[in-house]
Peer 1: 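Encoded as structure tokens, here's the structure I'll be asking about.
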Amino acid sequence: MSSYTATIVWQRDAQAFVDHRYSRRHTWHFDGGAVVSASASPQIVALPMSDAASVDPEEAFVASLSSCHMLWFLDIAARAGWVVDHYRDDATGLLARDAKGLLAMTRVTLRPAVRFAGERTPSAEAHLALHHQAHAACFIANSVKTEVLCQPVLEPILDTCARSLP
């Protein structure tokens with residue numbers, strides 16, 4: 001069994017509070033030393049009380065699912081002898097009312113586009129099987145009640161797309 005921690009820190013800093021006009025910006029601190037600027041989503045809490053440049057919990061939820069899937073995909077592909085040169089996932093999450101009428105992340109769609117190296121690349125069927133195995137192994141996907149979809153992009157990534165990556 002493994003345990004993971006995050007320390008979330010928010011400070012009022014002499015702002016008014018009970019009028020709800022306080023900043024939602026805060027920080028996430030992780031055990032390895034990473035510090036992430038976080039905030040409520042501007043779609044939930046209007047600017048300037050939120051910070052659009054910071055990560056919000058909904059984005060982090062989507063990123064966590066995408067990252068976990070990618071890490072498993074890379075591991076499974078490597079064990080199968082496939083060499084992955086590039087992986088990009090334009091993942092999206094949908095915040096909507098669930099069956100109980102509560103706001104929830106009701107769907108996350110992963111759209112991984114993978115470029116393999118060399119002339120020996122997996123068939124479309126083998127590629128999809130790698131994603132299926134990664135999805136089944138992903139700790140995060142196995143931990144949530146949200147429907148998690150994986151829609152791999154099978155066509156090659158264009159060079160212009162690769163050059164536009166951050």
Side-chain angles (χ1 to χ4, degrees), residues 1-13 15 17 20-78 84 86-115 127-155 157 161-162 164-166:
M1 179 183 293
S2 299
S3 177
Y4 300 89
T5 62
T7 301
I8 312 306
V9 179
W10 175 86
Q11 182 69 35
R12 185 171 62 86
D13 293 331
Q15 302 169 79
F17 187 77
H20 289 178
R21 298 204 48 81
Y22 57 90
S23 174
R24 274 40 168 215
R25 187 164 187 212
H26 55 283
T27 52
W28 298 344
H29 300 256
F30 298 96
D31 58 4
V35 177
V36 175
S37 176
S39 175
S41 167
Q43 296 178 49
I44 306 294
V45 176
L47 298 169
M49 281 78 67
S50 62
D51 179 6
S54 295
V55 176
D56 62 62
E58 297 80 10
E59 291 170 322
F61 182 76
V62 173
S64 179
L65 285 160
S66 175
S67 180
C68 185
H69 181 91
M70 179 200 69
L71 293 168
W72 274 107
F73 180 89
L74 295 175
D75 179 69
I76 293 165
V84 176
H86 181 81
Y87 185 108
R88 176 180 173 146
D89 184 0
D90 293 317
T92 59
L94 178 64
L95 182 68
R97 300 268 175 208
D98 66 8
K100 296 178 184 176
L102 301 172
L103 278 176
M105 294 297 290
T106 58
R107 176 177 294 148
V108 172
T109 302
L110 309 179
R111 293 182 185 85
V114 180
R115 185 180 328 131
H127 184 168
L128 293 174
L130 291 170
H131 283 290
H132 179 74
Q133 292 170 15
H135 181 67
C138 175
F139 309 140
I140 307 302
N142 291 334
S143 301
V144 297
K145 64 180 181 178
T146 300
E147 177 184 13
V148 179
L149 304 176
C150 180
Q151 298 175 341
V153 178
L154 299 179
E155 53 272 312
I157 299 173
C161 290
S164 69
L165 293 175

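Please read these numbers as outputs of a predicted model, since none were measured by experiment.
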Peer 1: Atom SG of Cys150 and atom NE2 of His69: how far apart are they, to the nearest 0.5 Å?
Peer 2: 3.5 Å
Peer 1: Side-chain donor-acceptor pair under 3.5 Å between His131 and His127, yes or no?
Peer 2: yes
Peer 1: Is a side-chain donor or acceptor of Gln133 paired with a backbone partner of Ile76 at a separation under 3.5 angstrom?
Peer 2: no
Peer 1: Any side-chain heavy-atom pair from Tyr4 and Phe30 closer than 4.5 angstrom?
Peer 2: no
Peer 1: Any side-chain heavy-atom pair from Leu103 and Arg97 closer than 4.5 angstrom?
Peer 2: yes
Peer 1: Show every salt bridge (charged side-chain N to carboxylate O under 4.0 Å, His left out) that has at least one partner inside residues 22-34, sequence neighbours left out.
Peer 2: Arg25-Asp51
Peer 1: Can you measure from NE2 (His135) to SG (Cys68) and round to the nearest 0.5 angstrom?
Peer 2: 10.5 Å
Peer 1: Is there a side-chain contact between His86 and Val114 (heavy atoms, below 4.5 Å)?
Peer 2: no
Peer 1: Indicate the atoms forming the closest heavy-atom contact of Pro42 with Asp56, along with that distance.
Peer 2: CD-OD2, 4.5 Å
Peer 1: Check Ala60 against Trp28 and note the closest heavy-atom contact, atom names and distance.
Peer 2: CB-CH2, 3.3 Å
Peer 1: How close do Tyr87 and Pro112 get, heavy atom to heavy atom, and via which atoms?
Peer 2: OH-CB, 3.2 Å
Peer 1: Take a 6.0 Å sphere around NE2 of His29 and say whether it holds more than 12 heavy atoms from other residues, nucleotides or ligands.
Peer 2: yes
Peer 1: Calculate, to the nearest 0.5 Å, the distance between atoms CZ and CG belonging to Phe73 and Asp89 respectively.
Peer 2: 11.0 Å
Peer 1: Is a side-chain N or O of Asn142 found less than 3.5 angstrom from the main chain of Cys138, in a donor-acceptor match?
Peer 2: yes
Peer 1: So with a 6.0 Å cut-off around CD of Glu147, is the heavy-atom count from everything else above 12?
Peer 2: yes
Peer 1: Once you round to the nearest 0.5 Å, how far does OG1 of Thr109 lie from CG of Asp90?
Peer 2: 12.0 Å
Peer 1: Would you check if the side chain of Ser143 reaches a backbone N or O of Phe139 as a donor-acceptor pair within less than 3.5 Å?
Peer 2: yes
Peer 1: Check ring pair (Phe, Tyr, Trp, His ring centres under 6.0 Å) between Tyr22 and all other residues, then give those that pass, not counting sequence neighbours.
Peer 2: Trp10, Phe17
Peer 1: Walk me through it: do Met105 and Glu58 pass the test side-chain contact (heavy atoms from CB on, under 4.5 Å)?
Peer 2: CA-CA 7 Å; Met105 294 297 290; Glu58 297 80 10; 3.9 Å; yes
Peer 1: Given 3.5 Å as the limit, does a donor-acceptor pair link the side chain of Ser50 with the main chain of Val45, or not?
Peer 2: yes
Peer 1: Do Ile140 and Val148 touch side chain to side chain, with heavy atoms closer than 4.5 Å?
Peer 2: no
Peer 1: Rounded to the nearest 0.5 Å, how far does OG1 of Thr106 lie from CG of Asp98?
Peer 2: 8.0 Å
Peer 1: Give the C-alpha distance, both sets of side-chain angles, the deciding distance and a yes or no for side-chain contact (heavy atoms from CB on, under 4.5 Å) between Ile44 and Leu95.
Peer 2: CA-CA 10 Å; Ile44 306 294; Leu95 182 68; 3.6 Å; yes
Peer 1: How many angstroms lie between CG in Leu102 and NZ in Lys100, if you round to the nearest 0.5 Å?
Peer 2: 7.0 Å
